[in-house]
Amino acid sequence: MNTIDKRYRHEWKHEINYSDLIAIRQRLRAVACADPHAKDGKYHIRSLYFDNLDDKTLREKLDGVNRREKFRIRYYNGDPSIINLEKKSRLNGLGTKYSACLSKEQVEKIITGDIEFMRDDANTLIQELYCKMVYQQLRPKTIVDYEREPYIYAPGNVRVTFDYDIRTGLTGLDFLDPECVTIEAGTDQTIILEVKWDDFLPSIIRDCVNVRGRHV
């Protein structure tokens, strides 16, 4: 079955610089906890994003379309033994996420276009992606690699992350190859700060992540 974040979550994301990272990190460490799943405080993420020939998903994001969705396949720390298919939906600034497990063999088939197995899969998310690959011409298109440094704060179910060392692959076909060629996306100083929370964002976290000109 699919798994789903139980409620829509607020999301705030912004690009920051290295000095912002140092300042926010210092403040967060005084009040929040490192994610226990992180090794040495961070983990590596590789994602494969789907889009069509017209870059519909990318264009909707850049244009700030109010209601949009995206599909991706993701694994962590270079270990493809656990791979997730994820659908992220966004409406009125609130996001939710559905996910389903995929085997390495299934991912290989999806990458090469051998998708008929998806049509009758017991998982409805896999079925949905199949339909959209057929009728909307979604295809696995862009690899994105980065390091993530995560922090959690229980009140409000808050999660704050820094993403850096962001790189992109030249072809989706290399998704499962740990040695695939990637290039810098933006500059080596590009850092993405993301804050997610449920019903409320505690003021202590709001104060931690605020930097001049960028307010949650």
*Could you tell me whether the side chains of Ser19 and Asn17 share a donor-acceptor contact shorter than 3.5 Å?*
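A donor-acceptor contact under 3.5 Å links the two side chains.
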
*Ser47 and Arg74: side chain donor to acceptor below 3.5 Å*: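 Side chains of Ser47 and Arg74: pair found under 3.5 Å.
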
In terms of hydrophobic clusters joined by side-chain contacts under 4.5 Å, are [X] and [Y] together?
X      : Y      : answer
Ile152 : Ile192 : no
Ile126 : Ile82  : no
Trp12  : Phe200 : no
Val134 : Leu85  : yes

Under 3.5 Å, side chain of [X] to main-chain N/O of [Y], donor-acceptor pair present?
X      : Y      : answer
Asn210 : Arg206 : yes
Asn157 : Asp198 : no
Arg46  : Gly78  : no
Asn123 : Leu125 : yes
Asp79  : Ser81  : yes
Asn52  : Asp54  : yes

Please tell me if the side chains of [X] and [Y] come closer than 4.5 Å, counting only heavy atoms from C-beta onward.
X      : Y      : value
Ile183 : Thr168 : yes
Glu149 : Thr161 : no
Ile111 : Ile73  : no
Val144 : Ile166 : yes
Asp165 : Glu147 : yes
Cys208 : Arg29  : no
Glu86  : Tyr98  : no
Arg68  : Lys61  : yes

Quick one: list whatever passes salt bridge (charged side-chain N to carboxylate O under 4.0 Å, His left out) with [X], sequence neighbours left out.
X      : value
Lys13  : Glu194
Asp51  : none
Glu179 : none
Lys88  : Glu11

Would you say that more than 12 heavy atoms from the other residues, nucleotides or ligands in this model lie under 6.0 Å from the [atom1] of [X], or not?
X     : atom1 : result
Asn66 : CG    : yes
Leu91 : CG    : yes
Gln26 : CD    : no

Least distance between heavy atoms, [X] atom then [Y] atom:
X      : Y      : answer
Pro150 : Gly41  : CD-O, 3.4 Å
Val209 : Val160 : CG1-CG1, 4.2 Å
Leu176 : Glu108 : CD1-CG, 3.4 Å
Met133 : Ile115 : CE-CG2, 3.8 Å
Asn84  : Cys101 : OD1-SG, 3.8 Å
Val158 : Pro202 : CG2-CD, 3.6 Å

*asked:* Please evaluate residues Ile205 and Val31 with respect to the criterion side chain to side chain contact (heavy atoms under 4.5 Å, CB included), reporting the C-alpha separation (whole Å), side-chain torsions for both, the decisive distance (0.1 Å), and the verdict.
replied: CA-CA 8 Å; Ile205 297 297; Val31 298; 4.1 Å; yes

Can you list everything that forms a side-chain hydrogen bond (donor to acceptor under 3.5 Å, both in side chains) with [X]? Sequence neighbours excluded, please.
X      : answer
Ser203 : none
Asp177 : none
Asp121 : none

Working to the nearest 0.5 Å, report the span between [atom1] of [X] and [atom2] of [Y].
X      : Y      : atom1 : atom2 : result
Cys131 : Arg119 : SG    : CZ    : 10.0 Å
Asn77  : Ile45  : CG    : CD1   : 8.5 Å
Ile83  : Ser99  : CD1   : OG    : 13.5 Å
Arg72  : Leu129 : CZ    : CG    : 13.5 Å

*By side chain to side chain contact (heavy atoms under 4.5 Å, CB included), which residues pair with Tyr18, not counting sequence neighbours?*
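Side chain to side chain contact (heavy atoms under 4.5 Å, CB included) check on Tyr18 returns Leu21, Ile22, Gln189, Ile191.
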
*Could you tell me whether Lys109 and Glu105 make a salt bridge, using a distance below 4.0 angstrom between a side-chain N and a carboxylate O?*
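Not counted as a salt bridge, because no side-chain N and carboxylate O are separated by less than 4.0 Å.
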
_Asp163 bridged to Arg148 by N-O distance under 4.0 Å_ =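 So Asp163 pairs with Arg148 through a salt bridge.
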
*Should Asp145 and Arg167 be marked as a salt bridge (charged side-chain N to carboxylate O under 4.0 Å, His left out) after you check the CA-CA gap, both sets of side-chain angles, and the distance that decides it?*
CA-CA 5 Å; Asp145 282 353; Arg167 304 182 65 85; over 6 Å; no

*Can you run down the ring pair (Phe, Tyr, Trp, His ring centres under 6.0 Å) pairs that involve residues 138-162, sequence neighbours left out, and say none if there aren't any?*
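Pairs touching residues 138-162 that pass the test: none.
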
*Qualifying ring pair (Phe, Tyr, Trp, His ring centres under 6.0 Å) pairs with a residue from residues 49-91, counting only residues at least two apart or across chains*: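 The answer is Tyr43-Tyr76, Tyr75-Phe175.
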
*With sequence neighbours left out, which residue pairs that include part of residues 129-141 fulfil the salt bridge (charged side-chain N to carboxylate O under 4.0 Å, His left out) condition?*
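As it turns out, the salt bridge (charged side-chain N to carboxylate O under 4.0 Å, His left out) pairs with a partner in residues 129-141, which skip direct neighbours, are Asp55-Lys141, Glu69-Lys132, Glu128-Lys132.
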
_Could you list the cluster mates of Leu58? Members are the ILVMFWY residues connected by side-chain heavy atoms closer than 4.5 Å, either directly or through other members._
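Listed partners: Leu62.
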
*Can you check salt bridge (charged side-chain N to carboxylate O under 4.0 Å, His left out) on Asp35 and Arg159, steps first, answer last?*
CA-CA 9 Å; Asp35 188 324; Arg159 182 175 177 84; 2.6 Å; yes

